[in-house]
Amino acid sequence: MPSAVIAIDLAAIRANWRALDALSGPGTETAAVVKADAYGCGAAEVGPALAAEGVRSFFVAHLAEGTALRIAVGPDPAIYVLNGFSAGEEGAFGAADLRPVLSAPEQVAAAAPHGLRAAIQFDTGMNRLGLEAGEIAPAREALGTTEVTLVMSHLHSSDVPGDVSPEAQRRTFEEMRAAFPGIPASLAATGGVLLGDAFHFDLARPGVGLFGGLPFAEARPVVSLHAPILQVREVAPGEAVGYGATWRAERPSRIATIPVGYADGLIRAAGNRGTAFLDGQPLPFAGRVSMDLTTLDVTDCPAAVPGAMVELLGPNQTVDQLAEAAGTIGYEILTSLGHRYARTHTG
Ligand SMILES: *Cc1c(COP(=O)(O)O)cnc(C)c1O
């Protein structure tokens with residue numbers, strides 16, 4: 001059975017990094033966030049491509065992601081692990097030269113004896129991870145042999161136009177970082193890069209914009225996804241399609257079945273709402289998305305025959321447009337793309 005094909009454009013990722021880097025001044029280093037297997041695009045390929053483009057610092061979420069990325073990018077780039085440090089992990093951090101992002105007093109204490117380089121994260125209003133104002137001075141005293149190479153925080157609404165909270169968080173961050181004079185500081189993810197100079201500090205940490213997602217509207221698209229039509233069937237008026245019989249033919253219809261379902265990251269909520277494309281012509285999803293299959297109404301598309309490749313992501317549909325149909329965000333589409341595709345990297 002032919003399989004769906006996902007193509008990842010490494011040249012576009014590199015171009016997106018250059019474009020984001022160009023938005024900040026020469027005093028700001030632009031890092032790359034490649035957690036969750038580089039937002040589903042493959043950290044083993046994306047990491048080296050970005051290192052070759054000039055990226056000197058990477059961020060991942062998990063220790064295991066950091067260990068794998070170190071092998072992919074070699075010894076030179078800094079690799080920060082956002083989810084922090086627990087006692088017993090010092091061997092793994094040390095062996096791969098990874099830097100934990102310490103976000104709680106317990107993490108600072110656990111890392112103190114091990115002579116690691118590390119970032120310190122402050123909470124400036126998101127209440128997810130990070131030291132509170134009152135915890136900063138004690139943490140500084142408790143660093144032990146840890147060398148702090150970065151202080152950072154994270155904006156919760158940088159992609160909300162006109163929102164005042166980024167500026168409030170920025171001011172809080174300025175106050176908090178004063179406890180670590182001379183240490184490079186980082187506040188901006190993709191959204192923060194777009195907010196302008198005041199948010200750039202010494203290091204920017206874009207993720208989703210590298211991979212073609214909003215809020216970086218000027219991004220070059222990175223991921224394309226095409227699936228072959230397995231079958232086309234004639235459906236008479238009144239007949240139903242798919243689980244729960246949620247779609248019914250109102251006229252003599254043709255239904256095409258493609259081998260992509262929610263197990264492949266085609267979010268189930270896109271059932272009856274999503275669209276595929278063939279030669280630019282929209283093919284509405286007919287019925288629910290199943291685990292391995294999706295059905296399309298191809299009544300008005302004579303080119304839809306078995307073996308024809310339909311587009312789910314590509315020139316006609318961005319990750320954010322598909323996300324919209326599924327009631328989610330581009331981030332979730334990207335990171336949901338499964339591993340059953342034939343995956344190629346170009347560029
Ligand atoms: C995921 C993440 C980023 C990257 O965010 P994007 O919105 O994808 O650019 C940066 N910093 C932290 C702490 C993150 O968790």
Side-chain angles (χ1 to χ4, degrees), residues 13 16-21 23-24 28-41 43 46-47 50 55 57-63 65-66 69 78-85 98-104 107 118-131 149-161 163 165-166 169-170 173 176-177 184-196 199-220 222-223 318-320 323 328-337:
I13 295 173
N16 289 335
W17 180 80
R18 282 197 307 273
L20 287 165
D21 185 41
L23 293 176
S24 57
T28 300
E29 172 187 349
T30 300
V33 180
V34 295
K35 60 193 179 186
D37 200 22
Y39 293 56
C41 291
V46 171
L50 285 173
V55 172
S57 301
F58 289 94
F59 289 79
V60 295
H62 288 209
L63 174 55
E65 293 175 343
L69 184 66
I79 301 177
Y80 289 95
V81 177
L82 290 164
N83 284 5
F85 181 85
L98 306 175
R99 306 184 189 190
V101 176
L102 305 174
S103 293
Q107 294 186 14
I120 301 278
Q121 178 153 230
F122 307 135
D123 177 47
T124 53
M126 190 166 187
N127 280 307
R128 192 174 69 167
L129 292 175
L131 301 177
T149 56
L150 189 71
V151 292
M152 58 180 274
S153 189
H154 196 46
L155 300 169
H156 57 69
S157 301
S158 62
D159 58 347
V160 181
D163 198 278
S165 66
Q169 284 192 267
R170 191 191 69 75
F173 185 57
M176 289 176 152
R177 74 170 292 211
S186 176
L187 183 61
T190 303
V193 172
L194 301 172
L195 286 176
F199 293 86
H200 295 160
F201 293 90
D202 304 296
L203 181 141
R205 323 182 295 270
V208 75
L210 303 173
F211 305 104
L214 291 175
F216 187 30
E218 278 78 55
R220 261 171 67 177
V222 165
V223 180
T318 66
V319 288
D320 290 287
T328 183
I329 54 176
Y331 294 74
E332 190 178 13
I333 298 292
L334 283 169
T335 56
S336 300
L337 295 172

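Note that ligands are numbered from 1 as they come in the structure, with each ligand's atoms numbered from 1 the same way. As the structure is a prediction and not an experimental result, all values here were calculated from the model.
- Counting heavy atoms closer than 4.0 Å to ligand 1, residue Phe59 contributes nothing at all.
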Residues Leu210, Val46; criterion side-chain contact (heavy atoms from CB on, under 4.5 Å); working and verdict: CA-CA 10 Å; Leu210 303 173; Val46 171; over 6 Å; no
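- Heavy-atom distances between Met126 and ligand 1 stay at or above 4.0 Å for every pair.
- For Gln121, no nitrogen or oxygen atom sits less than 3.5 Å from a nitrogen or oxygen atom of ligand 1, counting backbone and side chain alike.
- Of all protein heavy atoms, the one closest to atom 11 (N) of ligand 1 is Arg205 NE, 3.0 Å.
- Against a heavy-atom cut-off of under 4.0 Å, Arg128 is close to the following atoms of ligand 1: 15 (O).
- Near Val208, meaning under 4.0 Å from one of its heavy atoms, ligand 1 places the atoms 6 (P), 8 (O), 9 (O).
- The aromatic rings of Phe173 and Phe201 lie perpendicular to each other, with more than 60° between the two planes, well past the 30° mark.
- Atom 9 (O) of ligand 1 has as its closest protein heavy atom Thr190 OG1, 2.5 Å.
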Could you please spell out the steps behind the side chain to side chain donor-acceptor pair (under 3.5 Å) verdict for His156 and Arg128? CA-CA 10 Å; His156 57 69; Arg128 192 174 69 167; over 6 Å; no
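- Counting the atoms of ligand 1 from 1 in the order shown, those under 4.0 Å from a heavy atom of Lys35 are 1 (C), 2 (C), 3 (C), 14 (C), 15 (O).
- Given atom 5 (O) of ligand 1, the protein heavy atom at minimum distance is Ala189 CB, 3.3 Å.
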Step by step, would you call Asp320 with Thr318 a side chain to side chain donor-acceptor pair (under 3.5 Å)? CA-CA 5 Å; Asp320 290 287; Thr318 66; 4.8 Å; no
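- Between Arg170 and Leu187, the closest heavy-atom pair is CA-CD2, 3.8 Å.
- For atom 7 (O) of ligand 1, the closest non-hydrogen atom on the protein side is Tyr331 OH, 2.6 Å.
- With a 4.0 Å cut-off on non-hydrogen atoms, Leu82 touches ligand 1 through its side chain and not its backbone.
- For ligand 1, the atoms sitting less than 4.0 Å from at least one non-hydrogen atom of Tyr39 are 1 (C), 4 (C), 5 (O), 6 (P), 8 (O), numbered in the order shown with element in parentheses.
- With sequence neighbours excluded, the residues satisfying side-chain contact (heavy atoms from CB on, under 4.5 Å) with Leu129 are Ser103, Gln121.
- If you number the atoms of ligand 1 from 1 as listed, the ones under 4.0 Å from a heavy atom of Gly207 come out as 4 (C), 6 (P), 8 (O), 9 (O).
- Closest approach of Gly209 to Phe216, counting heavy atoms only: O-CD2, 3.6 Å.
- Looking at Arg177 and Asp202, their side chains come closer than 4.5 Å, going by heavy atoms from C-beta outward.
- By the criterion of a heavy-atom distance under 4.0 Å, the side chain of His154, and not its backbone, is placed next to ligand 1.
- At least one donor-acceptor pair under 3.5 Å links the side chain of His200 to the backbone N or O of Val193.
- Ligand 1 has at least one atom lying under 4.0 Å from a heavy atom of Pro206.
- In this structure, Asp123 contributes its side chain and Met126 its backbone to a donor-acceptor pair below 3.5 Å.
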